[in-house]
Amino acid sequence: MRRLILTLLLLPACTRLEEVGKAPGFSPLEGSYQHHAMYSQPLPQSTVLSGPTDASSLWTGGTTSLLGDRRAGQRGDILTVVIEIDDKAEISNSSGRSRSGTETMGIPSLLGIPQRLDRRLPEGATMAEAVDTSSSSDFSGDGSVKRKEKLTLRVAATVVEELPNGVLRIEGQQEVRVNFELRELIVTGYVRPTDISRQNEITYDKIAGARVSYGGRGQITDMQQPRLGQQVADILLPF
């Protein structure tokens with residue numbers, strides 16, 4: 001059992017040791033959704049008969065014609081995603097609560113009964129002030145959130161699927177390696193063909209279910225992350 005645990009702990013370390021002195025490798029495109037969408041042709045849903053002069057006409061609606069629409073519209077097409085995020089959010093809340101109460105109850109005289117009871121009560125006790133209670137509570141709370149994010153990027157994405165309702169599912173991936181640090185940008189989501197501009201571009205705010213990932217991997221990223229043992233200790237230790 002101890003050998004098994006030791007092997008599981010050393011296995012990630014052995015994988016990392018193989019990358020010592022080497023720049024991080026690129027993610028292969030083969031086998032991805034983009035590669036499959038570009039290299040596979042789906043079966044046509046309908047057959048369009050063309051005449052003998054259709055190929056030589058300047059006014060056809062194809063993407064290769066002079067006045068054709070070159071916007072992405074089917075599986076395997078490429079379009080540009082423009083990401084310009086400049087968001088700022090500021091929230092401030094304040095709440096307060098205060099309560100106080102006092103109750104006093106006594107029996108100064110009741111057919112002479114309180115006076116008779118006072119004789120039997122301990123010294124200093126009297127029925128004139130039988131019950132005297134008071135309570136108070138005070139609560140206050142403040143909270144604030146302030147965030148500011150700015151990101152400007154452009155990435156080419158591929159239409160990987162055309163849904164039955166005409167919506168296009170896109171996926172884009174970009175990797176740039178500088179020395180021993182690899183920057184990664186991944187964009188996925190759903191777009192409407194009508195939202196694609198004449199320049200074959202679409203902004204991120206028109207992408208439904210948008211997933212934008214901007215990060216990297218390499219020596220600098222490793223230095224910014226805590227060690228694996230420290231991460232495990234932070235999760236398991238209750239204090």
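Heads up: numbering here begins at 1 and tracks the sequence. Atoms considered below: every heavy atom in the structure, side chains included; atoms not considered: hydrogens, waters and symmetry mates.
Under the 4.5 Å side-chain heavy-atom criterion for Ile, Leu, Val, Met, Phe, Trp and Tyr, Val160 and Tyr204 are members of distinct hydrophobic clusters. No single ILVMFWY cluster, assembled from side-chain heavy atoms under 4.5 Å apart, contains both Val155 and Val176. Clustering ILVMFWY residues whenever any of their side-chain heavy atoms sit less than 4.5 angstrom apart, transitively, puts Val191 in the very cluster that holds Leu153. In this structure, Leu185 is a member of the same hydrophobic cluster as Ile202, with clusters built from ILVMFWY side-chain heavy atoms closer than 4.5 Å. In the hydrophobic cluster analysis, where Ile, Leu, Val, Met, Phe, Trp and Tyr join through side-chain heavy atoms closer than 4.5 angstrom, Tyr214 is grouped apart from Val178.
With sequence neighbours excluded, the residues forming a salt bridge (Lys or Arg N to Asp or Glu O under 4.0 Å) with Arg147 are Glu149, listed by chain and number. Every residue meeting the side chain to side chain contact (heavy atoms under 4.5 Å, CB included) condition with Ile78, not counting sequence neighbours, appears here in chain and number order: Met38, Ala156, Thr158. In this view, Glu162 and Gln74, Leu168 satisfy the side chain to side chain contact (heavy atoms under 4.5 Å, CB included) rule, not counting sequence neighbours. Taking the side-chain hydrogen bond (donor to acceptor under 3.5 Å, both in side chains) definition, one finds that Asn200 meets it with nothing, sequence neighbours left out.
Here the closest heavy-atom approach between residue Ile207 and residue Gly189 is recorded as CG2-CA, 3.6 Å.
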Distance-only criterion, 3.5 Å: show the donor-acceptor pairs between side-chain atoms of residues 82-94 and protein atoms not counting sequence neighbours.
{"residue": "Ser94", "atom": "OG", "partner": "Asp142", "partner atom": "OD1", "Å": "2.8"}

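Among pairs with a residue in residues 181-196, those fulfilling side chain to side chain donor-acceptor pair (under 3.5 Å) read Gln174-Arg183, Glu181-Thr221, Glu184-Arg217, Arg192-Asp195, at least two apart in sequence or across chains.
In this structure, Asp77 CG and Ile196 CD1 are separated by 8.5 Å, a value rounded to the nearest 0.5 Å. Separation of atoms CD1 (Ile170) and CD (Glu161) is listed at 12.5 Å; rounding is to 0.5 Å.
No hydrogens or angles considered: nothing links the side chains of Glu171 and Gln173 as a donor-acceptor pair under 3.5 Å.
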